[in-house]
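Since the structure comes first, as structure tokens, the remarks are kept for the end.
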There are 4 protein chains.
Amino acid sequence: MSKTIAKRKAGRPRSQASRASILNAVWELLKTQTLKDLSIEAIARESKVGKATIYRWWSSKESLAMDAFVEHVLPLTPFPENLSAYEAISMQMASLVNAFSGDYGSIVSQSIAAGQSEPDVLESYRERFLDERRTAAKAIIEKGIEEGEFDPDIDLELAVDILYGPIYFRLFVAHLPLDKQFAKGLPQRALKALLKD
Amino acid sequence: MSKTIAKRKAGRPRSQASRASILNAVWELLKTQTLKDLSIEAIARESKVGKATIYRWWSSKESLAMDAFVEHVLPLTPFPENLSAYEAISMQMASLVNAFSGDYGSIVSQSIAAGQSEPDVLESYRERFLDERRTAAKAIIEKGIEEGEFDPDIDLELAVDILYGPIYFRLFVAHLPLDKQFAKGLPQRALKALLKD
Amino acid sequence: MSKTIAKRKAGRPRSQASRASILNAVWELLKTQTLKDLSIEAIARESKVGKATIYRWWSSKESLAMDAFVEHVLPLTPFPENLSAYEAISMQMASLVNAFSGDYGSIVSQSIAAGQSEPDVLESYRERFLDERRTAAKAIIEKGIEEGEFDPDIDLELAVDILYGPIYFRLFVAHLPLDKQFAKGLPQRALKALLKD
Amino acid sequence: MSKTIAKRKAGRPRSQASRASILNAVWELLKTQTLKDLSIEAIARESKVGKATIYRWWSSKESLAMDAFVEHVLPLTPFPENLSAYEAISMQMASLVNAFSGDYGSIVSQSIAAGQSEPDVLESYRERFLDERRTAAKAIIEKGIEEGEFDPDIDLELAVDILYGPIYFRLFVAHLPLDKQFAKGLPQRALKALLKD
DNA sequence: CACTAAACGAGACGGTACGTCGAGTCTTGGA
DNA sequence: TCCAAGACTCGACGTACCGTCTCGTTTAGTG
């Protein structure tokens, strides 16, 4: 909506070719190196774009990485339908563990790592990924409560943290693997905390 | 044993004054800036030390930060004694939440963030902090099992992840605060997952 | 010709202000210190220029010194006209001795000294200074031959070496001064070698 | 004399093995690199000697190079005897040209180059090499005067400069080679300047 | 024959400068 | 007005040597 009524601007319009080329270069480069080691210089070189063009549209390589990330990996690990809340959560958690054990996990952990020194990167991560998923998770839990599976006194946010916290913990600290055993055992044990007494 | 017969080394011995001065400078500098923004140059300047001396003994600013960290904050958040396992864990978790809500938490999160691109920093964190604490936590849980409080089928590692994962989750992602309410609510809810049916 | 059709180049053009500032800083610094003790760092500092800008356009401080030198001292010690070859050479030699006894001599000797380990500096010295002067000297000697003053069997290059070699000898080795007595005595004695029997 | 009455000193005497090893290392290293590029560090490394030992006995790498030089190349290019002064000088000049065209010339030119910024190196060169040779040359010229070959009004120092200056000129500036033709032509032409009218 | 005391190797120290990289900005000409 | 190209200032990188400084270890005399 707002885009269509965007004010008419004089001058040459933004080059979509450049935008795509930049995001693509970032994505390609992140396959072979750390976000930390990625340089604006290299992105410009790789995408045949002037550095100024990058600076004109992005404030940091982190937010640029975030855009590249969004462009490529949005649709992911939905909650299955037509199952009990317990089953649906179990299955979705397992598939998230699986997703985080590969490239996707590495990019998420690097983005959040970058966010430790750049608050807006972290905010961007939350707004563009996490919030949506947490909302979905909370809806499922509420459904479980309504259907009598879960304790009605649950603090929803806390419940989500207990379920997903362990996954992020292993993702960051890597003290133990995000393997099948974990994918199976975690829901079994963690969901106990949500059950009715 | 072997340490007492430590090999005689030729040459001028390492200056303990320099070592202390460097670690102290790192600690001071990290109070006002990000680990990412910390430069070896600045550390050398602040500690009145040659850059080469830093490079001689540390491989990166991250491992240096880790050493500074260890030097300053090792004795922290122990498990209280003479309490039931449930009580001891509850109290220790609360005090960890509290610790992570201040400077200590910021340094931990930055160190682990740095570890995302430097595996040995992460390893160092695990070896010098985490392992010791996890071992202590597992011991308490075992005690709880023996005393009939907790489910004897528990996977200890998984249990620890469920208890502490949510804390690290909020520490990293900062979607919700590490406040008193969380410090109180988390143990109550998460420990349910460990109880006997 | 080719210069006027110089290829159009993309990008920001070289800053003449920086170039001038650098060369000027070099010149000023060389007034108070040895070329050996001159550092790129100091030049950058003094001329308020990034080090990279210096490295972009010069390969070494020696070639930079040579450029600074050329910029400042090209027009020097011409051969007087309307005199006999003998007189013209005598006077020019005397004025060169005089020039070499001051700052000019010190810079020449240091540049050539630098050239002992950097062949292109030496080549630069020859191409941009010496060759032109030697050519002029040889022309005068030829004129002297034509006018019957000098021996027609003279090897011109050798003749020039005999006339000017002693000056450079004293300049480098400093075993004796480049004083008025030398300025007067050298032409008198050395030119005998060129005369007709 | 003075050496034999050298004051008795307590303590360990200077190690001749180290001295020899150092000088030898310098000599070897100078075969493959410039005096400018030679570092005390490298000499110590190569000669298996502590840096302090070098600094204890030499004030700079230049004076060290000079010592190494003296140790290896003192006996050189004497004046032949039983010849006329003209012949003796001619032959000695030719052999000097020849000597300077090889390694010997390169070391001399580098040492004198170093001397441009270190006056004592230059002085050392003069005292330990040049003076002796100039004295010998002046003696021969005087002999030539006595025997009626040369002009009795000659300034001896100036005469030596005229004879040898051209050799050093080519050695330093390298505008023309120190070849056989020069070795033959130079004495023929330059000695004319010394002859009786 | 132990005792001195300087010289020795090794190598850490505080520094300075190196030459390179990338940051973010600026200045062209062309689209 | 945007864009590519590329030069600009700035600051940090990690390295090489500088000359100095401890160390523990020789190695002659001397007492």
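All chains are named by letter (A, B, ...) in the order of the sequence lines, taking the proteins before the strands, and each is independently numbered beginning at 1. The figures that follow rest on heavy atoms only: side chains count, while hydrogens, waters and symmetry mates do not.
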Between E/dC8, F/dG14, F/dA4, which one does the side chain of A/Val49 approach most closely? F/dA4
Distance, rounded to the nearest Å, where C/Tyr55 contributes OH and F/dG11 contributes P: 17 Å
Please determine, for the side chain of C/Ala52, which listed nucleotide (F/dC10, E/dG9, E/dA12) has the closest atom? F/dC10
Below 4.0 angstrom from OP1 or OP2 of F/dT9, is there any side-chain N or O of C/Ser18? yes
Would you call A/Glu41-A/Lys61 a salt bridge at under 4.0 Å N-O? no
Rounded to whole angstrom units, what separation is found between the CZ atom of D/Arg45 and the C1' atom of F/dC17? 9 Å
For nucleotides 1-5 of chain E, print each protein N/O atom paired with a nucleotide N/O atom at under 3.5 Å, atom names and distance only.
none

Start at the 5' end of DNA chain F and walk down; is the nucleotide closest to C/Pro13 or to A/Ser47 reached first? A/Ser47
Strictly below 4.0 Å, N to O, side chains only: are B/Lys31 and B/Glu28 in salt-bridge contact? yes
Considering only F/dA7, F/dC3, F/dC13, which nucleotide approaches the side chain of B/Lys51 most closely? F/dC13
Residues in side-chain contact (heavy atoms from CB on, under 4.5 Å) with B/Ser21, at least two apart? B/Ser47
Mind checking side-chain contact (heavy atoms from CB on, under 4.5 Å) for A/Thr34 and listing every partner two or more places apart, or none if nothing turns up? A/Lys36, A/Asp37, A/Gln110, B/Ser117
Under 4.0 angstrom between D/Trp58 side-chain N/O and F/dG19 OP1 or OP2: no
How would you list all residue pairs meeting ring pair (Phe, Tyr, Trp, His ring centres under 6.0 Å) that involve residues 21-64 of chain C, not counting sequence neighbours? C/Trp27-C/His72
Listed by chain and number, what are the side-chain contact (heavy atoms from CB on, under 4.5 Å) partners of C/Arg12, not counting sequence neighbours? none
Please report the distance, rounded to the nearest Å, between CD in D/Glu62 and C1' in F/dC18. 13 Å
State whether the number of non-hydrogen atoms from other residues, nucleotides or ligands found under 6.0 Å of D/Asp103 atom CG is greater than 12. no
Could you identify which residues of residues 27-44 of chain B place a heavy atom less than 4.0 Å from some atom of DNA chain F, listed by residue number, or say none? B/Ser39, B/Ile40, B/Glu41
Interatomic distance where CH2 belongs to D/Trp57 and C1' belongs to E/dA7 [whole Å]: 8 Å
Are the side chain of A/Thr53 and the backbone N or O of A/Val49 linked by a donor-acceptor pair below 3.5 Å? no
